[in-house]
Amino acid sequence: MKDTYRRNINYLRISVTDLCNLRCKYCMPESGVDKIQHCEVLSIEEIIKIAKESAKLGIRKVRITGGEPLVRKGIIDLVKGISEIEGIEDVAMTTNGLLLKKYGKELKEAGLNRVNISIDSLDPDKYRKITRGGEVRQVLEGIEEALKLGLHPIKLNTVIIGGENEADIPNLMNLTKIYPIDVRFIELMPIGEASTWSKEHFISNEEVRNRVPELVPLNQEIGSPAKYYKLPGAKGRVGFIDPISSHFCAECNRLRVTFDGKLKPCLHSSQEIDLLPALREGKESLNKLLKEAVNSKPEKHLLDTEDYEAVTRNMSQIGG
Ligand code: SAM
Ligand code: SF4
């Protein structure tokens, strides 16, 4: 489906929970999120219904995210349900990888094609500090499992935080020499309650790139928000996603659904369209609301302008 700016909207990102087994400093409060009532969260059936209606309108790729999608009860059934929808060609997941060793095989059998795994440090102590308690060994085991199962391509997502994990940049990039995977650096975004903290710890990707002069630029991939480079002799690529310093709104092809049933036309806007009246009360049609979201996608986000109003929800609630 084309939006007002002639962009083809074919990608749906669904946050299936706001809960997580980690508490990354830039994403979640230390105490976790306030528990909400079970009935406020979309059921597995409702999520599949949204994906089905979206597929009728031209969505071809679905990414399941969160919070941490692998702590959501019924996640295997959800992957299966989405992968069986006519028109859906690609089912992907973004995960912190802690539970990938446990669930990888079932996910693959249910129809998951690929995973993005988030990892901000290879140093056990630093990883524990950033995530407030995580064990990096479990993530590395998750990556090995994903490779073994042939989930492809595997992309690692890394956020560099000024004063925290800058020293990890070379080690994280060197993973592309060991494994046939891409390691992508995503700029820290000022979202949610940690938005002021994030601004203070922001390091641009340009700065990250400049620290590793051996990187060789590759041809730009059409439709990808990442700019790719390669280390000499590496099996995988090093990517940079710069939502802050060079936004990719002109190529934005996505819609987002939050765990509590709100459609978000733009990640960096607080505009949300409530799907619950359509799903639960038959008051509106899902088809109409999905079209409304596509038609209200802004030309570009206002992050670097004076008109920007910080999005108050945390990334764990929106889905990254
Ligand atoms: N729990 C899963 C994970 O960590 O991969 C999926 C959800 S998480 C919200 C998705 C991605 O958003 C992660 O790669 C995380 O690093 C990123 N993220 C969260 N808050 C962010 C922020 N303020 N700026 C940049 N990336 C952020
Ligand atoms: Fe959890 Fe992912 Fe947020 Fe970290 S980034 S707290 S793993 S949702």
Side-chain angles (χ1 to χ4, degrees), residues 13-33 62-72 75 92-100 103 107 112 114-121 126-136 138-139 142-143 146 151 154-162 164-165 168 172 182-205 208 225-226 239-245 247-248 254 256-259 264 267-268 301 303 310-320:
R13 295 176 67 105
I14 309 174
S15 171
V16 296
T17 178
D18 64 334
L19 302 177
C20 187
N21 43 3
L22 292 179
R23 299 278 181 274
C24 300
K25 282 183 170 183
Y26 48 75
C27 180
M28 275 228 180
E30 191 159 12
S31 53
V33 290
V62 172
R63 176 170 298 279
I64 299 168
T65 176
E68 174 48 42
L70 295 182
V71 303
R72 172 74 203 245
I75 189 69
M93 181 177 284
T94 301
T95 167
N96 60 30
L98 294 184
L99 293 170
L100 210 44
Y103 293 124
L107 288 166
L112 186 73
R114 54 212 187 106
V115 278
N116 288 0
I117 303 169
S118 305
I119 181 165
D120 297 338
S121 177
K126 229 181 281 174
Y127 183 84
R128 222 173 275 130
K129 192 170 162 224
I130 295 171
T131 59
R132 299 191 181 108
E135 291 300 327
V136 72
Q138 278 178 270
V139 189
I143 296 171
L151 289 167
I154 296 172
K155 293 178 182 170
L156 304 190
N157 288 342
T158 288
V159 177
I160 297 298
I161 310 157
E164 298 263 355
N165 59 348
D168 286 86
L172 287 160
D182 292 343
V183 175
R184 307 184 315 165
F185 291 82
I186 302 174
E187 282 176 341
L188 184 58
M189 292 180 248
I191 284 189
E193 57 174 33
S195 59
T196 312
W197 180 90
S198 299
K199 276 185 194 154
E200 288 161 9
H201 291 78
F202 179 75
I203 300 257
S204 75
N205 266 345
V208 175
F240 294 93
I241 301 183
D242 315 347
I244 306 297
S245 51
H247 52 68
F248 35 84
R254 55 195 69 179
R256 293 181 157 80
V257 179
T258 64
F259 68 100
K264 281 186 77 71
L267 172 64
H268 296 293
H301 68 62
L303 257 180
V311 172
T312 49
R313 290 224 219 196
N314 290 325
M315 200 69 113
S316 57
Q317 296 175 303
I318 307 169

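Just so it is clear, the model here is predicted, and its values are computed rather than measured. The first residue in the sequence is number 1, and the count goes up from there. All ligand and atom numbering here is 1-based and tracks the order in the structure.
Using a 4.5 Å heavy-atom cutoff, the side chains of Arg23 and Pro29 are not in contact. The side-chain heavy atoms of Tyr26 and Asp120, taken from C-beta on, include a pair separated by under 4.5 Å. By the 4.5 Å heavy-atom criterion applied to side chains, Met93 and Leu151 are not counted as neighbours.
The count of protein N, O or S atoms under 2.8 Å from atom 3 (Fe) of ligand 2 stands at 1, with waters excluded from the count.
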Walk me through it: do Leu70 and Leu98 pass the test side-chain contact (heavy atoms from CB on, under 4.5 Å)? CA-CA 9 Å; Leu70 295 182; Leu98 294 184; over 6 Å; no
Dump the intermediate steps for side-chain contact (heavy atoms from CB on, under 4.5 Å) on Thr65 and Arg256, then the final yes or no. CA-CA 10 Å; Thr65 176; Arg256 293 181 157 80; over 6 Å; no
Please lay out, stage by stage, how Arg254 and Arg63 fare under the test side-chain contact (heavy atoms from CB on, under 4.5 Å). CA-CA 10 Å; Arg254 55 195 69 179; Arg63 176 170 298 279; over 6 Å; no
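Residue Ser198 places no N or O, backbone or side chain, under 3.5 Å from any N or O of ligand 1. Ligand 1 has a nitrogen or oxygen under 3.5 angstrom from a nitrogen or oxygen of Met189. Checked by distance only, ligand 1 and Ser118 come closer than 3.5 Å through their nitrogen or oxygen atoms. Checked by distance only, ligand 1 and Ile186 stay at 3.5 Å or farther apart across all their nitrogen or oxygen atoms. For ligand 1, the polar-atom distance check against Thr94 finds no nitrogen or oxygen pair separated by under 3.5 Å. At a 3.5 angstrom cut-off on N or O pairs, Glu68 counts as close to ligand 1.
Shown in contact with Thr65 at under 4.0 Å from a heavy atom are these atoms of ligand 1, numbered in order with element: 6 (C), 7 (C). Near Val159, meaning under 4.0 Å from any of its heavy atoms, are these atoms of ligand 1: 16 (O), 26 (N). Heavy-atom contacts of Asn157 reach the following atoms of ligand 1: 14 (O) (cutoff under 4.0 Å). Residue-ligand proximity, Thr95 to ligand 1, at heavy-atom distances under 4.0 Å covers atoms 2 (C), 3 (C), 5 (O). Short contacts between ligand 1 and Cys27, defined as distances under 4.0 Å to a heavy atom of the residue, involve ligand atoms 19 (C), 20 (N). Atoms of ligand 1 found under 4.0 Å from any heavy atom of Gly66, numbered from 1 in the order shown, are 7 (C), 9 (C).
Of the N and O atoms on the side chains of Asp168 and Ser121, at least one donor lies less than 3.5 Å from an acceptor on the other residue. Thr17 and Glu68 share no side-chain donor-acceptor pair at under 3.5 Å.
For Phe185, the ring pair (Phe, Tyr, Trp, His ring centres under 6.0 Å) partners two or more places apart in sequence, or in a different chain, are Phe240.
Considering NE2 of His201 and CG of Leu188, their distance stands at 9.0 Å, rounded to 0.5 Å. The line from CG of Asp182 to NZ of Lys155 is 6.0 Å long, rounded to the nearest 0.5 Å.
Contact annotation: for Asn116 versus ligand 1, there are no heavy atoms closer than 4.0 Å.
Closest approach of Leu100 and Ala146 over heavy atoms only: CD2-CB, 4.2 Å.
Within the 3.5 Å criterion, the main-chain N or O of Gly66 finds no donor-acceptor partner in the side chain of Arg72.
Gly67 counts as a contact of ligand 1, since one of its heavy atoms falls under 4.0 Å from the ligand.
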